[in-house]
A.B. asks: 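Below is one structure. I have some questions about it.
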Protein chains: 2
Amino acid sequence: MSTHSVVTAIKVIEAVSELQPIGLSDLARHLDASKATTLRTLTTLAEMRWLQQGGPTGTDWLLTSHAYAVGVRGGAMGTLREAALGPMHQLQLESTETIHLAIPDGEVLILAERIDTPHALRAFLALGSRIPLHASGTGLAFLSACSDAEIETALSRTLDPVTTQTLTNPAKILAEITAIRNRGYSINVGGLSDGITSLGAPIRSLNGRPIGSVSISGPSSRITPDRFGAMGALVQETALRIGSQYPDL
Amino acid sequence: MSTHSVVTAIKVIEAVSELQPIGLSDLARHLDASKATTLRTLTTLAEMRWLQQGGPTGTDWLLTSHAYAVGVRGGAMGTLREAALGPMHQLQLESTETIHLAIPDGEVLILAERIDTPHALRAFLALGSRIPLHASGTGLAFLSACSDAEIETALSRTLDPVTTQTLTNPAKILAEITAIRNRGYSINVGGLSDGITSLGAPIRSLNGRPIGSVSISGPSSRITPDRFGAMGALVQETALRIGSQYPDL
DNA sequence: AACCGCTGGTTCACACAGTAAACCAATGAG
DNA sequence: CTCATTGGTTTACTGTGTGAACCAGCGGTT
């Protein structure tokens, strides 16, 4: 087996990130690599302060906060979030609900920023969560700004349902996308988590390419159909404001 | 020069994170490595979806959102933030100001989470920001929970002033630390950014070790000395609640 | 034009870094 | 007391990553 050491290193980081706390043998097995290799990679990564030992047993491996600090600054992550914060705050005040900013990573969106509602009952999604394109307000909004070819490849993947109300039929999703394009914003009732409704709009860079999306999320009891129009207009406007500040991909 | 390839890979990631957008030659010069090595590292990292080309010139290198997604989950970053969110929200409601959660990374703290105030005038600090221990409410609070030896090594470093009001004299900082220990919370008026006052308290794990700190931050015009007592008690209580949920380092 | 200093990217032979298999010591379950 | 784990170490070999030298393209200056 010929592997670049840096490839294994990255795999180690990602595996630890996902499975932590995790022990050496477990990790080596999961990576299908020898323990010696795995351990040496672990120790060098520890020297670089990306990993550390700890956890229940004291010998398990964990990701450090250094990894976080490095990741947050960053391309779209840094500049787009910076540009988005102001408009997102304003949208939070206007809607009084939770505001999400999502950014694409491969075939999913990643929750990049969240402005919380003061309400006790609220939608909750951890930062960094991977959000499937077909199952969320942000995702559907993002798709609606993609080219037909991109949409097709996105929908050609297996579309796992997240809740009982998740759209999984490509044809229905396509219909929904054209609806979104006409309407200007997406509507997702319980598709990502039960009882949560969200309205989303795509953020376009100055050249028109989709670079993320914003959404308003809250309990379906508060975000009722009669408020869709007003709230949808707000998200749409917010997405426009953010995109207009953002120069390019 | 003999270097591990994974070490250079990590250095590349960190350099790109810090300097992006950045070109090949620039990067190689900054890393003191050959362009060949640098480029191959860049391309493998791009294959792993951690980096991508783009930016103004189209050939500059950027960090992807994938790096962020990997970093956020993670050790202290994940579990502690999860445990802290509830109490932080409550503290936000009680104080009506911005709440910060900071976690140690080497010799600084990293801003891990932020709950914003609805006020238009508010303190702002980007997630992932590196916060010097001696110049912030969170930092001083964290120091106050460290052992004397740890404090000494921390204060033996060069203490750069951030504002004109930053404490840089080790003796004065030590005095402040004992004051914090008696008082139960830290007070920082304009030490990190002008016009911002913050009150912080250390978060201790069940075994008593400091693992982070929380703070209330806002304009000095709103966080006035007559409110220090009440607000300080709130932060302190919040830090205790968070720590009591958190098992161990 | 020719020259310059730069850029991103490529090629190649050699050394050394990274690999896997075998091996230890310690722990916990049966 | 076995047996199967665990984390960690040692080894000799091999193939990966290394840096120097090399292209080609670009924008100014002369």
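The figures that follow rest on heavy atoms only: side chains count, while hydrogens, waters and symmetry mates do not. Within every chain, numbering begins at 1; the chains are lettered A, B, ... in the order of the sequence lines, protein sequences first and strands thereafter.
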A.B. asks: Minimum heavy-atom separation for B:Gly128 and A:Ala69, please, with both atom names.
C.D. replies: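 Shortest heavy-atom separation between B:Gly128 and A:Ala69 comes out as O-CB, 4.3 Å.
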
A.B. asks: To the nearest Å, give me how far apart CG (A:Asp32) and C1' (C:dA21) are.
C.D. replies: 15 Å

A.B. asks: Looking at every strand, decide which applies to A:Ser34 at a 4.0 Å heavy-atom threshold: base, sugar-phosphate, or nothing.
C.D. replies: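 The residue A:Ser34 makes base contact.
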
A.B. asks: Base, sugar-phosphate, or nothing: which does B:Thr37 touch, judged by heavy atoms less than 4.0 Å apart?
C.D. replies: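 Base contact.
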
A.B. asks: Please give, in whole Å, the distance from C:dG9 C1' to B:Leu27 CG?
C.D. replies: 14 Å

A.B. asks: Hey, is the side chain of B:Lys35 pairing donor to acceptor with the base of D:dG19 inside 3.5 Å?
C.D. replies: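 Check fails, no donor-acceptor contact within cut-off.
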
A.B. asks: Could you tell me whether A:Glu113 and B:Arg114 make a salt bridge, using a distance below 4.0 angstrom between a side-chain N and a carboxylate O?
C.D. replies: yes

A.B. asks: Would you kindly give the CG-to-P distance between B:Leu45 and D:dG17, to the nearest whole Å?
C.D. replies: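 In whole Å, D:dG17 P and B:Leu45 CG are 12 Å from each other.
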
A.B. asks: Less than 4.0 angstrom from a charged side-chain N to a carboxylate O is my criterion; do A:Arg181 and A:Asp148 meet it?
C.D. replies: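 A:Asp148 and A:Arg181: salt-bridged.
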
A.B. asks: Could you tell me whether A:Glu107 and A:Arg130 have a side-chain N and a carboxylate O separated by less than 4.0 Å?
C.D. replies: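 A salt bridge is absent here (no side-chain N lies under 4.0 Å from a carboxylate O).
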
A.B. asks: Just by modelled atom types, is the B:Pro104 backbone N or O under 3.5 Å from a matching donor or acceptor in the A:Ser65 side chain?
C.D. replies: yes

A.B. asks: I want to confirm an ordering. Mapping B:Asp26 and B:Ala36 to their closest nucleotides on DNA chain C, which one lands closer to the 5' end?
C.D. replies: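 So the residue in question is B:Asp26.
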
A.B. asks: Just N and O in the side chain of A:Ser5: are any of them under 4.0 Å from OP1 or OP2 of D:dT16?
C.D. replies: no

A.B. asks: It should be established whether B:His4 places a side-chain nitrogen or oxygen under 4.0 Å from OP1 or OP2 of nucleotide D:dG17.
C.D. replies: no

A.B. asks: To the nearest Å, give me how far apart CZ (A:Arg40) and P (D:dT11) are.
C.D. replies: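 From A:Arg40 CZ to D:dT11 P: 15 Å.
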
A.B. asks: Take the protein atom CD of A:Gln53 and the nucleotide atom P of D:dG7, then report the distance between them rounded to whole Å.
C.D. replies: 9 Å

A.B. asks: Please report the distance, rounded to the nearest Å, between CG in B:Leu39 and P in D:dT18.
C.D. replies: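 Between P of D:dT18 and CG of B:Leu39: 12 Å.
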
A.B. asks: Atom CG of B:Leu42 to atom P of D:dG17: distance rounded to whole Å?
C.D. replies: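 Distance, rounded to whole Å: 14 Å.
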
A.B. asks: Can you see if the side chain of B:Arg29 gets near the phosphate of C:dG8 - specifically, an N or O under 4.0 Å from OP1 or OP2?
C.D. replies: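 For B:Arg29, the contact criterion (side-chain N or O under 4.0 Å from OP1 or OP2 of C:dG8) is not met.
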
